[in-house]
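Take a look at the structure below.
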Number of protein chains: 2
Amino acid sequence: MFTLAEENYLKAIFHLEHELQGEVSTNAIAESIETKPSSVTDMVQKLAEKKLLTYKRYKGVQLTAEGKKVAINIIRKHRLWEVFLVEKLNFHWDEVHEIAEQLEHIQSEELITRLDKFLGSPDFDPHGDPIPDKHGVLKRTEKKLLSEIEKNQQGVCVGVKESSAEFLQYLDKKKISIGTKIKVLGKEFFDGSMIIQVGNEQFFISHIIAENLYVQIQE
Amino acid sequence: MFTLAEENYLKAIFHLEHELQGEVSTNAIAESIETKPSSVTDMVQKLAEKKLLTYKRYKGVQLTAEGKKVAINIIRKHRLWEVFLVEKLNFHWDEVHEIAEQLEHIQSEELITRLDKFLGSPDFDPHGDPIPDKHGVLKRTEKKLLSEIEKNQQGVCVGVKESSAEFLQYLDKKKISIGTKIKVLGKEFFDGSMIIQVGNEQFFISHIIAENLYVQIQE
DNA sequence: TTATATTTTTAGATTAGACTAAAAATAAAA
DNA sequence: TTTTATTTTTAGTCTAATCTAAAAATATAA
């Protein structure tokens, strides 16, 4: 249906639309996909021809409904495969991204339908990101960044914003994973750092960390 | 490591070396891969540069040890994925080829190691073809074509030579699958057709069928 | 053994996707 | 509002993999 490159552009643009709230620039796409802006211009014109996005010279792009549908389907496949890799093949959550990046391009509706069933139709991937259902609908949750919660409140870790291997390994070292209870014992307003409690341990975390961890607040 | 096209050429040549016992011609490759002979010449020269096969103009090609290693690894991946699709996702044996054809190109040693373990290190795929181990070694079995066995002998179906969806569906209709006992009740020397017994049913099969079914003889 | 047919290779084009370098448009600063 | 800087596009190349058409080598037949 679509080439590998086309799928990767659509996926990247979809993610950028959410991060940047709207207008996605040529440079932003180039950076996210690790290519040159001139290459992006070419591809974007091709995708506009195919009605997957709208494009005005010098004005950035916006996915059409069709483009979004394609992108969401790739994201669905990516996240289902991540669940498979972690739940069934016992990969660690910091090892699955690159492999899922390849698996997401396998073409077979039936395969994904069956994989989803095999995995018990999971709602979230191993990093806590929601898995769109076959109609593209996401399970919404009340989640906040850890950095947004107040002193003495506590929450359960439900996901990560950044999911680089480095960050995930840091979390492992601190014994934080999805489902872990985290209580904010103190918050430094100057630099946003925090003292938190995880299990019996209490320790310091920087703002960068707190800004990349999603929690669901508990009473 | 290798491009998709390169991998497909190596795999096709490997299979042809076995079917044709040795020398593989440009035309044979072109036919098997559904491309033009001129394209094959180009690619074959490229693969020769990379020492994956030896090539003499007008004389056909032969895989080097390295080329065989690569080909066998792709076949290993293909067959392991087929087992996954049938055993875990409940696909039928006539539906898995095209999907495995894509999955075989996913690059990750670790993935295959874990998949193999998850599946219980199977020796054969759903069509009865042997799965090379990680060193490329195949489990050998004493198998014969059904067409080669004598009247009143019986055997267990252990594989198929041809594995097109059409042939597999024919076998299903006749209730023949891997593990099925087959007894030869009669054999017509003129056209090689047979009367066989499968379960309680007795029926006629043509030579074409008997020539594409592998059995292991039983006393 | 010459003539004919088949197979294989070469030469030249094409397409997707990327790149560099330079030009054009837009945005920011003086 | 000019000038300067940044972003984006265009124009022209490049590589992988394919193709067509024609030439060259090999195989087959008279």
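Chain naming here is simple, since letters A, B, ... match the order of the sequence lines and numbering starts at 1 in each.
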Quick one: list whatever passes salt bridge (charged side-chain N to carboxylate O under 4.0 Å, His left out) with [X], sequence neighbours left out.
X: Glu7(A); answer: none
X: Asp123(A); answer: Lys139(A)
X: Glu23(B); answer: none
X: Lys174(A); answer: none

So which protein N/O to nucleotides 23-29 of chain C N/O distances come out below 3.5 Å?
unit_1	atom_1	unit_2	atom_2	d
dA25(C)	O4'	Tyr58(A)	OH	3.4

> Does the side chain of Trp81(B) come within less than 4.5 Å of Asp125(B)'s, by heavy atoms?
Replying inline: no
>> Once salt bridge (Lys or Arg N to Asp or Glu O under 4.0 Å) is applied, what residue pairs with a partner in residues 102-114 of chain B remain, sequence neighbours excluded?
In response: Lys11(B)-Glu104(B), Glu110(B)-Arg114(B)
>> Using a strict heavy-atom distance below 4.0 Å, which residues from residues 4-21 of chain B are in contact with DNA chain D?
In response: Ala5(B), Tyr9(B)
Check: residues 82-90 of chain B side-chain donor-acceptor pairs under 3.5 Å, at least two apart:
unit_1	atom_1	unit_2	atom_2	d
Glu82(B)	OE1	His127(B)	ND1	3.1
Glu82(B)	OE2	His78(B)	NE2	2.9

>> Filter on ring pair (Phe, Tyr, Trp, His ring centres under 6.0 Å), then keep only pairs touching residues 11-69 of chain B, sequence neighbours left out; what's left?
In response: Phe14(B)-His18(B)
> By a strict heavy-atom criterion of less than 4.0 Å, which residues belonging to residues 26-45 of chain A are in contact with DNA chain C?
Replying inline: Thr35(A), Lys36(A), Ser38(A), Ser39(A), Asp42(A), Met43(A)
> Within this structure, what is the OH-to-P distance between Tyr55(A) and dT7(D), rounded to whole angstrom?
Replying inline: 16 Å
>> Which residues pass the side-chain contact (heavy atoms from CB on, under 4.5 Å) test with Leu145(A), not counting sequence neighbours?
In response: Ser147(A), Glu148(A), Lys161(A), Tyr214(A)
> Who passes side chain to side chain donor-acceptor pair (under 3.5 Å) against Glu19(A), sequence neighbours left out?
Replying inline: none
